Engineer: 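Here it is, the structure, as structure tokens.
Note: hydrogens, waters and symmetry copies are ignored here, and every other heavy atom, side chains too, is used. Predicted model, so just to flag it, every value in this text is computed and none were measured.
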Amino acid sequence: MTAKAGAAASFMFMLFLLNIACQAQLSPAFYDSSCPNAISAIRTAIRSAIASDRRMAASLIRLHFHDCFVQGCDASILLDETLSIQSEKTALGNLNSARGYNVIDKAKTEVEKICPGVVSCADIIAVAARDASAYVGGPSYAVKLGRRDSTTASRTLANAELPAFFESLESLISRFQKKGLTARDMVALSGSHTLGQAQCFTFRERIYNHSNIDAGFASTRRRRCPRVGSNSTLAPLDLVTPNSFDNNYFKNLMQNKGLLQSDQVLFNGGSTDSIVSEYSRNPARFKSDFGSAMIKMGDIGLLTGSAGQIRRICSAVNN
């Protein structure tokens with residue numbers, strides 16, 4: 001091994017150890033003494049929001065994903081634009097698309113009433129995603145807590161690191177691997193799309209020009225998405241059970257009824273076909289793997305200990 005290669009290996013090993021150390025500081029019991037009613041307060045706020053808007057469940061799960069993939073799970077996605085902060089809210093993958101900011105703000109307000117300055121916005125996002133999943137029939141899982149909030153955000157990183165709707169399977173796998181997630185994790189996490197909706201401009205190319213799409217499905221989708229115009233018109237990714245967390249997403253892919261290109265590539269003669277097929281037959285395995293992948297994703301790029309801060313307001317850095 002050359003000196004240069006040895007130095008690189010040592011650096012990667014140090015990063016590995018640092019990540020393990022950060023993970024070790026997280027625990028589902030982190031607030032048991034400092035704010036024992038925090039989790040129930042968050043759950044109440046999340047349930048109320050989804051009861052008023054069922055689509056909010058998918059939005060909160062997606063918000064956690066988009067937070068963790070940019071700088072790590074540090075609530076950077078919640079920061080508003082300032083002279084010194086380029087908000088991630090205006091990144092291509094979030095603008096007029098990401099939702100749930102106000103729901104997290106509401107949960108934070110309720111938690112601050114009982115335990116001011118204790119619970120991080122990053123942890124609230126993580127708990128909200130779990131509670132959203134459970135509320136609509138998805139898995140509940142133990143959320144590790146103890147994250148701290150970033151004092152920075154990066155629209156540039158968000159534009160570079162969030163997956164796009166037109167990406168290939170190889171590109172998607174690479175993106176997830178860079179975050180420490182496997183292809184199986186990626187497919188499991190994608191299963192939450194069964195709850196989601198997409199804007200017409202994100203699937204127009206697929207329903208008019210792709211060959212690996214069910215003809216009847218494409219015809220149905222064209223009714224609300226013409227060749228020109230209606231760019232922001234929403235359509236459910238799953239027409240059959242759009243409000244339930246189930247494995248119908250994978251059944252759709254096996255019938256060439258994936259609405260987004262980045263969904264259908266998961267079942268298109270590639271390396272993830274077998275995982276999609278497995279999840280289509282075994283909903284219990286899908287839900288188990290989804291919970292495990294969410295826990296794993298929640299460990300990306302952590303701020304713990306004295307790093308970062310506990311924001312008093314999720315949309316702004318403390319003075």
Engineer: Checking Asn252 against Gln255: is there a side-chain donor and acceptor pair closer than 3.5 Å?
Structural biologist: no
Engineer: So, Asn212 versus Asn268: side-chain donor-acceptor pair below 3.5 Å or not?
Structural biologist: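 Yes.
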Engineer: Should the pair Phe65 and Phe176 be assigned to parallel (<30°), tilted (30 to 60°) or perpendicular (>60°) ring geometry?
Structural biologist: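 Phe65 vs Phe176 ring planes: parallel.
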Engineer: Distance check, rounded to the nearest 0.5 Å: Thr202 atom OG1 versus Leu260 atom CG?
Structural biologist: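 Spacing of OG1 (Thr202) from CG (Leu260) equals 5.0 Å.
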Engineer: Decide yes or no for Leu303 and Asp149: does some side-chain heavy atom of the first lie under 4.5 Å from some side-chain heavy atom of the second?
Structural biologist: no
Engineer: Check whether any side-chain heavy atom of Phe166 sits under 4.5 Å from a side-chain heavy atom of Glu205, and report yes or no.
Structural biologist: no
Engineer: Is any side-chain heavy atom of Met186 closer than 4.5 Å to one of Leu266?
Structural biologist: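 Leu266 reaches Met186 side chain to side chain.
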Engineer: Using distance alone, with no hydrogens and no angle criterion, decide if Arg155 and Thr90 have a side-chain donor and acceptor under 3.5 Å apart.
Structural biologist: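 Yes.
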Engineer: Looking only at side chains, do Arg184 and Thr272 share a donor and an acceptor under 3.5 Å apart?
Structural biologist: no
Engineer: A quick test of your reading: do over 12 heavy atoms of other residues, nucleotides or ligands sit less than 6.0 Å from CD1 of Ile114?
Structural biologist: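 Buried by this count: over 12 neighbours within 6.0 Å.
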Engineer: For Glu81, is there an ion pair with Lys89 - N to carboxylate O distance below 4.0 angstrom?
Structural biologist: no
Engineer: Please find out if less than 6.0 Å separates the ring center of Phe245 from that of Phe286.
Structural biologist: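 Yes.
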Engineer: Any ion pair linking Lys144 and Asp299 (charged N to carboxylate O, less than 4.0 Å)?
Structural biologist: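 Salt bridge flag = yes for Lys144 with Asp299.
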Engineer: ring-ring contact (aromatic ring centres under 6.0 Å, His included) for Phe203 and Phe165? Distances and angles first, verdict last.
Structural biologist: CA-CA 8 Å; Phe203 59 86; Phe165 58 86; 9.4 Å; no
Engineer: Side chains of Asn94 and Tyr101: does their closest heavy-atom pair fall under 4.5 Å?
Structural biologist: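 The answer is yes, as the side chains (C-beta and beyond) meet within the 4.5 Å cut-off.
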Engineer: Examine the side chains of Thr194 and Asp238 and answer whether a donor and an acceptor come within less than 3.5 Å of each other.
Structural biologist: yes
Engineer: What residues, two or more places apart in sequence or in another chain, satisfy side-chain hydrogen bond (donor to acceptor under 3.5 Å, both in side chains) together with His193?
Structural biologist: Asp263
Engineer: Looking at Tyr279, is Arg285 sitting on its ring face, NZ or CZ under 6.0 Å from the six-membered ring centre and within 45 degrees of the normal?
Structural biologist: no
Engineer: Taking atom CG of Asn37 and atom CZ of Arg43, what is their separation to the nearest 0.5 Å?
Structural biologist: 11.0 Å
Engineer: Below 4.5 Å, heavy atoms only, C-beta onward: do Arg130 and Ile39 meet side chain to side chain?
Structural biologist: yes
Engineer: Are the side chains of Leu79 and Ser315 in contact, using a 4.5 Å heavy-atom criterion?
Structural biologist: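 Counting from C-beta outward, Ser315 and Leu79 never come under 4.5 Å.
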Engineer: Before accepting this row, confirm whether a basic side-chain N of the pair Arg148/Asp123 lies closer than 4.0 Å to the acidic partner's carboxylate O.
Structural biologist: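 Looking at Asp123 together with Arg148, the answer is no, because their closest N to O distance does not fall below 4.0 Å.
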Engineer: One pair to check against salt bridge (charged side-chain N to carboxylate O under 4.0 Å, His left out): Lys296 and Asp185. What are the steps and the verdict?
Structural biologist: CA-CA 9 Å; Lys296 194 172 175 181; Asp185 294 328; 2.8 Å; yes
Engineer: Would you please test Arg62 and Ser97 for side-chain hydrogen bond (donor to acceptor under 3.5 Å, both in side chains) and show each step?
Structural biologist: CA-CA 10 Å; Arg62 185 170 183 257; Ser97 172; 2.9 Å; yes
Engineer: Would you check if there is a donor-acceptor pair between the side chains of Arg204 and Asn231 at a distance under 3.5 Å?
Structural biologist: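 Arg204 and Asn231 do have a side-chain donor-acceptor pair below 3.5 Å.
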Engineer: Are Glu88 and Gln71 close enough that some pair of their side-chain heavy atoms sits under 4.5 Å apart?
Structural biologist: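 When only atoms from C-beta onward are counted, Gln71 and Glu88 do touch, with a gap below 4.5 Å.
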Engineer: His64 versus Cys73: any side-chain heavy-atom pair under 4.5 Å?
Structural biologist: yes
Engineer: Rounded to the nearest 0.5 Å, how far apart are SG of Cys314 and CG of Leu78?
Structural biologist: 5.5 Å
